[in-house]
Amino acid sequence: MRVGILGAGQLGQMLALAGYPLGQRFVFLDTSGSPSADIGTTQIDLDNQHLAEFLAQVDVVSFEFEHLPVDRVRDIEKHKPVYPSSRALEVCQNRGLEKALFTRLQIPTPEYQLVDSLETLQQAVSQLITKHAKPVVVKTVTEGYDGKGQAVLRTADAAEVAAVWQRIGGRELIVEAFIEFVREVSIIAVRGQNGEVRFYPMAENHHVDGILRYSLAPLPDLDAAIQQQAESYIQALLKELDYVGVLTLELFQQADGRLLANEMAPRVHNSGHWTQNGAVTSQFENHLRAVAGLPLGSTAARFPTCMINIIGRCGDTRQLLQEDSVHLHLYGKEERAGRKLGHLNLVADDLPSLLDKVQRAVALLPDAPEPHFSFAVYSKADRRELLMECTNTHSLQSGSALG
Ligand code: AMP
């Protein structure tokens, strides 16, 4: 099968690396002029004149980023199957549509208001801050990613609100109540063409300045009921969108355990990179199995796994590889401040060993922030005991499946 991928970045490259053993071959369509995927064939299309050529080379189309013109994807759907569909893409690239869908499907979210002028922004900020006695987060409705196009307002001071409108406004914005979460988590699921669904164990995600730095899975202290709750949310989304492929739902977990949905991504996701070395079937392979109409693979975790993003500078990768069970995934990109250059997946037999490995890797990575996990707040001695207990009772939570 020849798979066409819209976009030619690292996610596309990792899809291809997972698809070759399945006998698939890949053609990328790049409209940026700077593709980084260095595998298969890349069709550069800076003037939107080469779509027909691209389509002639593929049997099925998928995408690796969601900031694509929906009309273009609808056009492609007239010629070749596209998974996930343009409808899923449209909802996921607009925070307003996404939140409305969450609400309709009874998936709880932070309270929010949509605004499109300085006046309505001022009103929404005042109302939400008064009601919750918490700051608000203001975000652009479209095009924001990795924390870009966002601002936090602690007061409804008119000058500060005007400055935010000046900086990111002039377009539709969403104002959300600020959530004091215990941790950020994500659930990744895959749905096949026959409606079969599988869920990966949830991951805890540590962001700094809006950029993902660490993902750890399975969560050692996660109540099975919370995993099931997250599965029911993502299952409702998959069904509603008649979705095919991998879908990611990012959530905030509060102190009482409850989950609030933040956003979703219609694609393989950075918080699922751990599955390459920590799960029976990676998110990349399962996405391609779904796209190709093949049976899905097991989503069960094999080891406690931590993914560390390599951002800006790589450091001494030879030294990193001296550690047992470190898997290095480099994207072939030039070093540049803030740029995702690759990631490491560390696996271990138990959680204390994993966290020790993480500390050793972090010491070798330039600019890596101190990792914080919600379950690792105890002194080192206590932590070992507690974590061993967590590993034993919740160990290697199996991914689950739904027909
Ligand atoms: P997003 O682009 O919506 O994923 O936001 C980027 C990051 O900002 C998230 O990963 C959170 O760390 C933080 N954030 C976003 N929305 C909120 C919120 N309503 N309350 C608290 N933190 C938030």
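No hydrogens, no waters, no symmetry mates; every other heavy atom, side chains included, goes into these values. Numbering of ligands and ligand atoms starts at 1, following listing order. Quantities reported herein were computed from a predicted structural model and do not represent experimental measurements. Heads up: numbering here begins at 1 and tracks the sequence.
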In ligand 1, which numbered atoms sit nearer than 4.0 Å to a non-hydrogen atom of [X]?
X: Val137; value: 17 (C), 18 (C), 19 (N), 20 (N)
X: Asn262; value: 1 (P), 3 (O), 4 (O)
X: Glu263; value: 1 (P), 2 (O), 3 (O), 4 (O)
X: Glu176; value: 16 (N), 18 (C), 19 (N)
X: His207; value: 10 (O)

query = Aromatic ring centroids of Tyr83 and His287 under 6.0 Å?
reply = no
ask   = For the rings on His132 and Phe178, is their centre-to-centre separation under 6.0 Å?
value = no
request  = Take every heavy atom of Phe181, measure it against each atom of ligand 1, and state whether any distance is under 4.0 Å.
outcome  = yes
request  = Answer yes or no for Arg95: is there a heavy-atom contact with ligand 1 below 4.0 Å?
outcome  = yes
ask   = Should the pair His343 and His329 be assigned to parallel (<30°), tilted (30 to 60°) or perpendicular (>60°) ring geometry?
value = parallel
query = Between Phe181 and Phe252, what is the ring plane arrangement, given parallel below 30°, perpendicular above 60°, and tilted in between?
reply = parallel
task = Say whether Glu250, considering both its backbone and side-chain N or O atoms, lies within less than 3.5 Å of an N or O atom on ligand 1.
result = no
inquiry  = Any nitrogen or oxygen of Ile179 lying under 3.5 Å from a nitrogen or oxygen in ligand 1? Just yes or no.
reply    = yes
request  = Go through the structure and list residues passing side-chain contact (heavy atoms from CB on, under 4.5 Å) with Ala361, not counting sequence neighbours.
outcome  = Ile308, Leu320, Leu344, Leu346
query = Taking non-hydrogen atoms only, is Gln150 closer than 4.0 angstrom to ligand 1 via side chain, backbone, both or neither?
reply = side chain
For a quick test of your reading: what N or O donor-acceptor pairs under 3.5 Å do the side chains of residues 157-165 make, sequence neighbours left out?
{"unit_1": "Asp157", "atom_1": "OD2", "unit_2": "Ala159", "atom_2": "N", "d": "3.2"}
{"unit_1": "Asp157", "atom_1": "OD2", "unit_2": "Glu160", "atom_2": "N", "d": "3.0"}

key: Close side-chain approach of Tyr214 to Phe373, heavy-atom, < 4.5 Å   = yes
